[in-house]
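This report refers to the structure that appears directly beneath it.
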Amino acid sequence: MGEFKVHRVRFFNYVPSAIRCVAYNNQSNRLAVSRTDGTVEIYNLSANYFQEKFFPGHESRATEALCWAEGQRLFSAGLNGEIIEYDLQALNIKYAMDAFGGPIWSMAASPSGSQLLVGCEDGSVKLFQITPDKIQFERNFDRQKSRILSLSWHPSGTHVAAGSIDYISVFDVKSGSTVHKMIVDRQYMGVSKRKCIVWGVAFLSDGTVISVDSAGKVQFWDSATGTLVKSHLIANADVQSIAVANQEDSFVVGTAEGTVFHFQLVPVTSNSSEKQWVRTKPFQHHTHDVRTVAHSPTSLISGGTDTHLVIRPLMEKVEVKNYDAALRKITFPHRRLISCSRKRQLLLFQFAHHLELWRLGSTVATGKNGDILPLSKNADHLLYLKTKGPENIICSCISPCGSWIAYSTASRFFLYRLNYEHDNISLKRVSKMPAFLRSALQILFSEDSTKLFVASNLGALHIVQLSGGSFKHLHAFQPQSGTVEAMCLLAVSPDGNWLAASGTSAGVHVYNVKQLKLHCTVPAYNFPVTAMAIAPNANNLVIAHSDQQVFEYSIPDKHYTDWSRTVQKHGFHHLWLQRDTPITHISFHPKRPMHILLHDAYMFCIIDKSLPLPNDKTLLYNPFPPTNESDVVQRRTAHAFKISKIYKPLLFMDLLDERTLVAVERPLDDIIAQLPPPIKKKKFGT
Amino acid sequence: MASLEEEFTLSSIVLSTGSEGLLGVEQSSKTDQFLVTDNGRTVILYKVSDQKPLGSWSVKQGQIITCPAVCNFQTGEYIVVHDNKVLRIWNNEDVNLDKVFKATLSAEVYRILSVQGAEPLVLFKEGAVRGLEALLAEPQQKIETVISDEEVIKWTKFFIVFRHPVLIFITEKHGNYFAYVQMFNSRVLSKYTILFGQNENSYIESFTASVDRKFISLMSLSSDGCIYETLVPIRPTDPEKNQSLVRSLLFKAVVSGNTRHGTALTVLDQDHVAVLGSPLAASKECLSVWNIKFQTLQTSKELPQGTSGQLWYYGENVFMLHGRSLTVIPYKCEVSSLAGALGKLKHSQDPGTHVVPHFVNWEAPQECGLGAQNSEQSRRILRRRKMEMSLQPEVPPSKQLLSAIMKDSEKHIEVELRKFLAVKQTPDFHTVIGDTVTGLLERCKAEPSFYPRNCLMQLTQTHVLSYSLCPDLMEIALQKKDVQLLQLCLRHFPDIPELVTCACLKIFLSIADDSLEETDVNMESVFDCSNSVHDEKMEEQTEILQNGFNPEEDKCNKCDQELNEKPQAKTKETTSCPVIPKRAALLNAILHSAYSETFLLPHLKDIPAQHITLFLKYLYFLYLKCSENATLTLPGIHPPTLNQIMDWICLLLDANFTVVVMMPEAKRLLINLYKLVKSQISVYSELNKIEVSFRELQKLNQEKNNRGLYSIEVLELF
């Protein structure tokens, strides 16, 4: 198959930020996740848990609460005191509105979805009316004496429970007055703590209020009488989050020790109508604080300081025991953070607020499989480019020739020209960017680095001509009439004639760059596109979808290739379909047109289209080289998928030249080492 | 799980019921209301949930009700027959039965049958059946005779099958039973003779029936105490011919036949039947619920005041006459759940329940499976079986064994048992062993002198028994102080309750040394501690090492000095076992047994203090022996593990600390244990330290494996 020299890179010092909130939308089966840097990600749970959208973070915008309202509208609120609504089509912020109550700690949408409630630092609870295009302040509830950390509506919408410090208040929504005040015990393991923070409340339709607090307790209150009904001490540390299932027959809490507990409403005896809440299952999938939990009809979702998003399906709710019933742990973003310049062997790393440019080392030695070659030159850190302003970087790209770097934040687009003089680099910003290049969702350079393609968040695709130190706007492909759907993925053919662009839901559009017109649209598929690329010479567009299907579409002929049809007829190997991370990058071998190189977080694969496809009985992944088997046997067992699982977690892999690969790994241990220490747990019974 | 709830009395009926009981209990048109007809002149309508009568009607002095009142569900009226021929119909508003509608019939009525959704039927004593409407239109019509002379109707029941009424009645003539099935859609009457099968000379005490799609499953309780099932086809194959039905055994000996007022049986639901009568051993009458499918007793209720041997079951309520009052016992059958079972798991047995051990052989095919065949076929099968039986040359050893148990001498039983065990395991091996043990134990209880020790030992070693199968076995062994058998039981039974474990421990600790010497206890768990030379050598080592921790290092307290004052004594104490080897073997059996801490602790408190100290001394000795070698195990074939020893030390101290701490002779022991705990703590703290060091080593190792932040490697894809 081939021997490669692999540049194994582990110096990409990427640490995802901690998860602060998750919000599950039952209607669309989507999950919104906000991180401590203000990033909000949307996962489509129906599309194999693919992260289909994201909103870049902002330094001053620490999200403390996230909720869906009125169906599919997403709101967040944070410590800067603003309520933000996101535009899920154009992938930008619709508006931000100050609630004038100081930092906002909590937010809850009414059961009908028409009202929004926020709990503020100054102890006020503010009610907003959601209008079709904005929100409107309605009134304040009775002011409390300390910050409101958690809010929950009664399912009928008549009452609201609010968790504060040391007590829980129950409000009447109509009058806005406090009906009950329930004091939480400060005692913690017999010792009186200074304060007891009610981190979460949940109001059930029978009037029960469930609270979780910093003393490690889960408590059940009767809101009609304001009395404590039951108390479970479940942790030695804070219980920080709670989420109740829609049916109100189970709920989930997350603790600072990283444990997630599942509570279920279980009949006392079978057939009896008397039911009680029982702590049924503990899950320890986190090492750090579980800051937030969500309860979908079939799974428990949790996230926290250790940056993993964990989706744990409930076995009793899963109808088919297939691979969907397995635990999912999502750590890395489902988009590319790395781009590479093949010509100069450069890697550009994208972080939240800066870019790093590295030059790969070299070696003159050769060796056999598995050898580590002595370096004649080590990798160099060439550039550290810090962004201006508080906004996170959305996307970045380095041109194949290595002389251009472009990146974009939510409000500005930056283009830099790099000059290499021996070992010195000089960087020059291209000023006077046109007004329409304000914010980009995806940036791509053509193979010969003369053209720049920018997918703007308004749905338009811009083509910019680069020459010398200047640029010229060539054309803008405007979105189809009426749609504002943002394009998230771009691919250009090596000859520069074709440009493919894919949005989050609609199909892939292919544009003719020479004639500047839409060439064709690839038939829409149910699952979002995770990666695509156009093969040299044949101009076949290879598309990977989140359900792990790979299609090959001939652009000149406007139909799927024969190989793609054969694959669809034959079906992929079941192990291929069971991988749980999406393919994030596709590339091609310049000399071997039959090869497609692709990778996800846990494997790297070369698909050789000339070889037969594997069926479910053949071994998909064989790490061992053929020993002394005869040629016949070898030929019979050989199949199209050549897989390597040596490099993991793999964030980026590309072909530098015919015999050289670059693989960027980010070992989990290195991430853990940069997290704050977890709560210490005792061992050996001492 | 089927259960009987708390009973309640409807009213202590001042009915003129003699000992003969009631005439009948019938449903009325409202659920929860029932018509009770006594044996004299009165009909009472009861509301069960309120436990009070709603109305009462009597016939005139001199008249006597001969057929229980029923409700006509179509009109809501009540119907009763007095003086065999006079039919009365009334409703709730009527006060005096004399003034209500009256019809005098031309023949004697056996019973009026009424079910929901059908016209009431009148069954005459000669077997003729008439619809009520047709009869009332012409009361004096001629009633034909269906059954022969001297044939008496014993029991009848009325069903609706596929919206067609079906009547079944059973007649008896000279000890022969006949079943008549009357179909009302086709007006066909079929007659079947019920064949008794093997047990010819018993008579049937009670019938009950339930209906399946094609069959009426007729269950009968015979005077031999067994329940038989007869499947009566609803659609006759050949109505002309007199056909016969075979009854098959469903349960063996559920009740004893010698109850004063007879026994009764009723079907509760698909899987459960209720049986009224005395169980085998007890003399008091019982209402018991049996599961047919699993052949197990589900629950039972003792009825000390005696019953009339009658039983009715309507809509979740079982009615019976208990003493002189009409008693209602609500019956519930909830779907069992594990959580429910766990929640209800009781430590001791409910005094009300009588577990009658009944062993079922799951491998043998169930007789009921033959039900679908018609009588001809089953007769053929029977004949074949008989032939097979006669082909067998002699009675199998299992039969001989079971018969021997009841009367023969110990010697003879032993011979028979050996014979049985010598035969390769037969398919009904489990059953026979179970029956044998129960038989033996029953006899042991009856005759105090009878104690077939060898037999019981042999049976225990078959690995078939468990505690729950024969709880009496250990009880008797405890009574007889048979430590050898107890040791065997502890070893082979997986499910000994903590109470019994504790009772064993008490005996093992209290039994005198000389009586122990006589017994033949299995010694394989005890190592030879007479090998003192080796021990002493090891002992020297412990003083230095002791789990890698040197006790002299912690220069804490007086107890250390105290111990150092008497190094001689210490050496002696630690090297010599505080109990004789045989007792050690017995105690080891206790250490090996499974237990649950919460259940064991309360029982441990009952053990006398000196025995506790003895046991603690022994455990401490074991601990020292354990810590002598590097693997922390004791020598021997099946020694107690360190964890078991530590757990028991903790348990004993938890249960008896206040007692032990007051005893002067236990002081030294406690000091030793205190030191032991201290050394354990320091071991653990050392382990913590080691863990940290290991982690650092691991990190170093990882760094070595870690190819740094950047490397160029060669990859070959195949």
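In what follows, chains are A, B, ... by sequence order, proteins preceding strands, each numbered from 1. Predicted model only: the values in this text are computed from it and were never measured.
- When heavy atoms are compared at a cutoff of 4.5 Å, Leu375(A) approaches chain B solely by way of its side chain, counted from C-beta outward.
- For the residue pair Thr641(B) and Asn643(B), no side-chain donor N or O sits within less than 3.5 Å of a side-chain acceptor on the partner.
- Heavy-atom distances place the side chain of Tyr647(A), and not its backbone, under 4.5 Å from chain B.
- Within residues 361-368 of chain A, the residues having any heavy atom under 4.5 Å from a heavy atom of chain B are, by residue number, Gly361(A), Ser362(A), Thr363(A), Gly367(A), Lys368(A).
- For a residue to count as touching a neighbouring chain, one of its non-hydrogen atoms must lie under 4.5 Å from one of that chain's; by this rule Phe604(A) touches chain B with the side chain only.
- A salt bridge does not link Lys275(A) to Asp249(A): none of the charged side-chain nitrogens sits closer than 4.0 Å to a carboxylate oxygen.
- Of the N and O atoms on the side chains of Tyr14(A) and Gln674(A), not one donor lies less than 3.5 Å from an acceptor on the other residue.
- Of the N and O atoms on the side chains of His7(A) and Thr660(A), not one donor lies less than 3.5 Å from an acceptor on the other residue.
- Between Glu665(A) and Arg8(A) there is a salt bridge, since at least one side-chain N of the basic residue sits less than 4.0 Å from a carboxylate O of the acidic one.
- For the pair Arg279(A) and Trp277(A), the cation-pi criterion (under 6.0 Å, within 45° of the ring axis) is not fulfilled.
- Shown here are the side chain to side chain donor-acceptor pair (under 3.5 Å) partners of Glu356(A), two or more places apart in sequence or in another chain: His354(A), Trp358(A).
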